[in-house]
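Input: a single structure, listed below in structure tokens.
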Protein chains: 2
Amino acid sequence: MAVWKNTVPSKDELYESKRAALLREAAAAFNRRGFHATSLDEIAQNLGVTKAALYHYFPNKQTLLMACFEKAMDVAFDSLARARQQEATGRGRLRLTLALYLEQMLDELSACVVLMEENALTPPDHARMVQMRDRFEQALRDLVRDGIADGSIVACDPKLAMFTILGALNWIPKWFRHSGPWTATQTTAAVSDLFERMLSSAPAPALARDVGLMPLTTAK
Amino acid sequence: MAVWKNTVPSKDELYESKRAALLREAAAAFNRRGFHATSLDEIAQNLGVTKAALYHYFPNKQTLLMACFEKAMDVAFDSLARARQQEATGRGRLRLTLALYLEQMLDELSACVVLMEENALTPPDHARMVQMRDRFEQALRDLVRDGIADGSIVACDPKLAMFTILGALNWIPKWFRHSGPWTATQTTAAVSDLFERMLSSAPAPALARDVGLMPLTTAK
DNA sequence: AAGCGGGCCGACCGCCCGTTCAATCCGACG
DNA sequence: CGTCGGATTGAACGGGCGGTCGGCCCGCTT
């Protein structure tokens, strides 16, 4: 019996994996079509179940949205922590944070950037979400400030810079398709290059002319 | 009677100005809260009338959305034409196009960038909208190509560059507030500087440290 | 073999909101 | 002052969708 522990999914594992699949599907739909435009019937149908089945995993639609958001924020803060550890300059940390975040969003989560349509949440959830998002944005602005201080980033307004970069980032789910010509890794690298060039004190003299020709995996 | 023609609003002028006000209000609401999250009651209330009154100006909610979109595209192509006339290099044309578009979006129209939630339109309207949007995006990519060819823009992937820039642009209505610390003109200039730095073959060595300290009006 | 229980289904409820319509208001005009 | 017509209203309708509930199916246990 114990032999099978890691190969045959237990009841709980099955439950969790289904729940995760639901979360991914919901996140993808919310990002592509918007929260209000996505019906539970739609999500359920994509998963091959009935709407009522969803209620075994989430008490209501709002909670589903909140769960997407929290997972996204987990990824965000995790990316930030890893970048702080691996990179020394403000620019390096900023770039790595954004790249780790984006790549995970793109392939793990079908992008959970549901920072929009926040008004759909209950006031306490909304407050919690705004607070976490602001903390993340503040951390990113601080990276920009660090970069300006250590000379790796040009003089600029950190607030505007991050508004602009996060806008571009949040928009990516609208046009990125896994079935498209670019892989998640290629897209991440190319977008990071653009962001870096915008802020670097030593901007690259050239960028990739064709994202589809970039390396298919991250060089390690 | 004819004396008053240009001072006292005629019936038609009144009708048109009310219709325009409705369009502005709707555009602002759609951009801030999303199409599906915005109820007609809400728009009507902000205008001091009843929901039913709106139906004297638009046959239904979808048409309202489509009208917003078409106005935005008018501004877009107009900006493009003016930029082509005034600027010689690809970079100059791209920058001016984006700046004209953004500034008009910000103050005239409360930003009508409702390229999202497209699924809300009827198939014919949707097709029409996609076609116009694609034409505009193509024109912008061509400006990037021109810029690369004439040396004003670095080697890069025009498609990705415009996806990124338009993403950042489309996100601006989410955070820009007329009551905020930055004017539309300041914001436009600062954002344009960021975009330009991302793509220019001769990136500026420094940018404004504080958007709120930039000139309040465009220098002419 | 029988019983148990979790997972899922079909059907239904109720609300919200887009849409309609008859009735009313109000300014213009004769 | 009466009438006409467009603008606006209040009330109602109907569909869509989030959410609920009772029951069925099926695998596991004893």
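Here is the naming used below: chain letters follow the sequence lines, and residue numbers restart at 1 for every chain.
- Between the CG atom of A/Asp41 and the C1' atom of D/dG18 there is a distance of 9 Å, given to the nearest Å.
- Stretches of at least 3 consecutive Watson-Crick or G-U wobble pairs, with each checked distance under 3.5 Å, appear in DNA chain C as C:1-30 with D:1-30.
- A side-chain contact (heavy atoms from CB on, under 4.5 Å) with B/Glu25 is found for exactly one of B/Leu47, B/Leu54, B/Leu64, B/Thr38, namely B/Leu47.
- Here the CD atom belonging to A/Glu70 is positioned 4.0 Å from the CZ atom belonging to A/Arg128, to the nearest 0.5 angstrom.
- Looking at B/Asp193 and B/Arg95, a side-chain N of the basic residue comes within less than 4.0 Å of a carboxylate O on the acidic one, giving a salt bridge.
- Atom CD of A/Gln138 has more than 12 heavy atoms from other residues, nucleotides or ligands within 6.0 Å.
- Between B/Leu65 atom CG and C/dG18 atom P the separation is 13 Å, expressed in whole Å.
- Salt bridge present: B/Arg33 and B/Glu42 bring a charged side-chain N and a carboxylate O closer than 4.0 Å.
- Figure legend: cation-pi geometry between A/Arg133 and A/Phe69 absent, as NZ or CZ is not positioned both under 6.0 Å from the six-membered ring centre and within 45° of its axis.
- Between B/Asn60 atom CG and C/dG18 atom P there is a gap of 11 Å when expressed in whole angstrom units.
- As rounded to whole Å, 11 Å separates atom P of D/dG19 from atom CG of A/Leu54.
- Between the CD atom of B/Glu42 and the P atom of C/dC17 there is a distance of 9 Å, given to the nearest Å.
- The nearest whole Å value for the distance from the NZ atom in A/Lys61 to the C1' atom in D/dG16 is 11 Å.
- Judged as a salt bridge (Lys or Arg N to Asp or Glu O under 4.0 Å), the pairs with a partner in residues 45-56 of chain B (not counting sequence neighbours) are, in order, B/Asp41-B/Lys51.
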Quick one, give me the B/S/- string for nucleotides 5-11 of chain C, reading 5' to 3', where B means a protein heavy atom under 4.0 Å from the base and S means that only happens at the primed atoms, P, OP1 or OP2. --BBBB-
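- For A/Arg82 and A/Asp78, the salt-bridge test passes: some basic side-chain N is under 4.0 Å from an acidic carboxylate O.
- Atom CG of A/Leu40 is separated from atom C1' of D/dG19 by 9 Å (rounded to the nearest Å).
- As rounded to whole Å, 10 Å separates atom C1' of D/dA7 from atom CG of B/Leu14.
- In this structure, A/Lys61 is not positioned above the aromatic face of A/Phe30 in the sense of NZ or CZ being under 6.0 Å from the six-membered ring centre and within 45° of the axis.
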